[in-house]
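Written below as structure tokens is the structure these notes are about.
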Amino acid sequence: MKTRIYQMIGEAVARAHAAGDLPSAQMGDMVVEIPKTEAHGDLATNVAMVSAKVQRMAPRRIAETILAHLQDPGRLVARTEIAGPGFINFFIRPEAWTALLKDICMAGESFGRSRDGKGQRVQVEFVSANPTGPLHVGHGRGAAVGDAMANVLSAAGYKVQREYYINDSGRQIRTLGRSVFLRYLALCGRTVEFPEDCYQGAYIGELAAEMHAAHGTGLLAMDEEAAVALCARHAADVILAGIRRDLEDFGVRFDRWFSEQSLYDAGRVEAAIEDLARRAIVYDKDGARWCRTSDFGDEKDRVVVRNNGLTTYFASDIAYHQDKFERGFERVIDVWGADHHGYIPRMTAAVEASGRRRDQFQVILVHLVNLLRGGQPVAMSTRAGEFVTLAEVVAEVGRDAARFLFLTRHHESPLDFDLELAKQKTNDNPVYYVQYVHARISSILRKAADEYGIRSVQADALDGGGELREPEEIQLIKLINGFPEVVANAAATLEPHRVTFFLMDLAAAFHAYYNRHRVLTEDGAVARARLCLVRTVQQIIANGLGLLGVAAPEQM
RNA sequence: GCGCCUGUAGCUCAGUCGGAUAGAGCAACGGCCUUCUAAGCCGUGGGUCGCAGGUUCGAAUCCUGCCAGGCGUACCA
């Protein structure tokens, strides 16, 4: 509707200019938008104000001129008005909304999708938790945000790949191996001191027990480094398998699991450093090798090879991001925990130093999750091994509630996640509020079939044009009409929570309608038209929940 | 110290490219089930958009400074 009004205005300006009534055919940065208050019409434009300078005319006079040349071949507009400093307000005929509903109804599952992305290849890398322990709630938020973002981008016409980067190399893996090995030694009857910098969780003991069951005391005879490496490999494999399972239970699937170690094995890290060294972006100082990230906007240069000869995490990240772009992605999006935000300038610098544009790389920071139970904070500390895992949360509140609630905030806003609230089945809990719409409509459709013999909902039930006249019905059509724009904006801004808020708005409008008007009325024509409306609402709810990775239940 | 994020109703938060009288939910209070699922709806209160300037027809939104909170600031990952 918005684009059609936009076109009408554009044509009117062109005609006015051709007729000599306007000095210019330019319209400036004009917008057509939905006014906040209904008194200002269904749609409004500021064209007269933004073009006042270029037209050298008063805004209200420009508005009058444009309206004089406005043509409405589609018979969309009931009336127009000029208001305030020069807004043009459009009041749409109810029949025009109904006609629009028919198109939406027929679009079905595809309504909301667009081709904005033009098939551009985008990679979204998310979660990427180190395989040194189970996923906790914070990872869950990252998983929900990353997955929904990938869905939204797909809907907007991008070709999206989901990737998980496995940090299976370097010190933290060795620490993991050592932690398991020490617990193993204890199982073999040795007295060992367990250092603070080792992983403390109970799962370490379980992994050690597995090693003990498989090898007996056999590891005692081995070289200690080899034994630690063996423990590390076993531990990382088991933990990673657990992470995969937890994510699967959470409804998140990755297209690719990318191993950091594979970069080293293929010599990619070394090659990346050498390449940058040849271009004098990497240089030697104080026995270490440094990357000139400060030439690309970072506050200082960063070490890639330490003076002990070991590469830094940053070095493999450079190689990794080069690899991403070499695989043909035009845009690379990383979803990180907010505590890594200081890392963004150097990573962006590295991408630019590697010959890509800095706008091809974007980082989404996902802020902290404060886990609460009945308003009281639940203590979490990875080091002490006392954390609430994602698997525990999913087991307690369910996948749908967890995913939905993770997406009820802007990702850069801290999130209070209350386990009790998530389980509540009242309107305090937005998950049920939205899902309930879908279930209620399913119930109406069942009833229509069982008791009224209406087995299928036909879009041509709307052809009469006059059946849907209630304000709540027009309101619902206006809302669902805005869905594609919501999805497009969510993709453009990388803010999937916009879909969540849209769904809550639509749910509220539906529940209000449901309480005021009966769908299955005596008047068959009205009932069929209303069935078409609610069936379409149900479809949009399903489409939106699908983007969030939340189920749309037939009954509750 | 420097950098990033946040600051909107009692609480939790929306607010897109700068638009007209700043919106929801919760909490509080008062109503609505003989009728398609009450996991729902309707109504009533409630605001110096952190503060101070600036930009302009117009600022919660953009710019500058300040205040408060969070996070970061390694040859750690």
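A note on names: the letters A, B, ... follow the listed sequences, proteins ahead of strands, and every chain is numbered from 1.
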Nearest listed nucleotide, side chain of [X], among [options]:
X        : options             : result
A:Arg498 : B:U16, B:C76, B:U6  : B:U16
A:Met49  : B:G19, B:C42, B:C13 : B:G19
A:Glu495 : B:G15, B:A20, B:C75 : B:G15
A:Leu520 : B:C36, B:C76, B:G19 : B:C36
A:Ala83  : B:C41, B:A20, B:C36 : B:A20
A:Asn307 : B:A77, B:C75, B:C36 : B:C75
A:Tyr436 : B:U6, B:A20, B:A39  : B:A39
A:Asn130 : B:G15, B:C75, B:A77 : B:A77
A:Ile444 : B:A39, B:C36, B:A14 : B:C36
A:His341 : B:C75, B:G72, B:U35 : B:G72

Have a look at [X] and say if it touches a base, only the backbone sugar-phosphate, or nothing, with a 4.0 Å heavy-atom cut-off.
X        : result
A:Arg518 : base
A:Lys423 : nothing
A:Gln555 : base
A:Asp339 : sugar-phosphate
A:His411 : nothing
A:Ala439 : base
A:Asn308 : nothing
A:Val50  : base
A:Arg302 : nothing
A:Ala52  : nothing
A:Asn89  : base

May I have the distance from [X] (atom [atom1]) to [N] (atom [atom2]), rounded to whole angstrom?
X        : N     : atom1 : atom2 : answer
A:Phe314 : B:A74 : CZ    : P     : 14 Å
A:Ile166 : B:A77 : CD1   : P     : 18 Å
A:Leu365 : B:C5  : CG    : C1'   : 8 Å
A:Glu299 : B:C4  : CD    : C1'   : 11 Å
A:Phe404 : B:C13 : CZ    : C1'   : 14 Å
A:Phe501 : B:G23 : CZ    : C1'   : 12 Å

Quiz item: Nearest 0.5 Å, what's the CD1-CD distance between A:Ile5 and A:Glu33?
Solution: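 Reported value, rounded in 0.5 Å steps: 13.5 Å.
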Quiz item: What's the base orientation of B:C33: syn (chi within 90° of 0) or anti?
Solution: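 Syn for B:C33; the angle stays within 90° of 0.
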Quiz item: Would you say A:Phe87 stacks on B:A20, if stacking means ring centres under 5.5 Å apart and planes within less than 30 degrees?
Solution: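 It does: the two rings, one from A:Phe87 and one from B:A20, meet the stacking criterion.
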Practice problem: Could you check whether A:His340 and the base of B:A77 form a stacked pair, meaning centres closer than 5.5 Å and planes differing by less than 30°? | Solution: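 Stacked: centres under 5.5 Å apart, planes under 30°.
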Quiz item: On a whole-Å scale, what distance lies between the P atoms belonging to B:U8 and B:A52?
Solution: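 The same atom, P, in both gives a distance of 15 Å.
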Quiz prompt | Interatomic distance at C1', B:C62 relative to B:U56, whole Å | solution =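 Straight-line distance between the two C1' atoms is 11 Å.
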Will you find, in the side chains of [X] and [Y], an N or O donor that is under 3.5 Å from an N or O acceptor?
X        : Y        : answer
A:Thr493 : A:Arg498 : yes
A:Asn167 : A:Gln172 : no
A:Gln458 : A:Ser456 : yes

Quiz item: Quick one: does NZ or CZ of A:Arg292 land under 6.0 Å from the six-membered ring centre of A:Tyr283, within 45 degrees of the ring axis?
Solution: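 Relative to the ring axis of A:Tyr283, which defines the angle, A:Arg292 lies inside both limits.
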Quiz item: Is the side chain of A:Asp168 donor-acceptor paired with the backbone N or O of A:Gln261 at a distance under 3.5 Å, no angle test?
Solution: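 Such a contact is found between A:Asp168 side chain and A:Gln261 backbone.
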Quiz item: According to the interplanar angle, ranging from 0 to 90°, do the rings of A:His497 and A:Phe501 count as parallel (below 30°), tilted (30 to 60°) or perpendicular (above 60°)?
Solution: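 The rings of A:His497 and A:Phe501 stand perpendicular, inter-plane angle above 60°.
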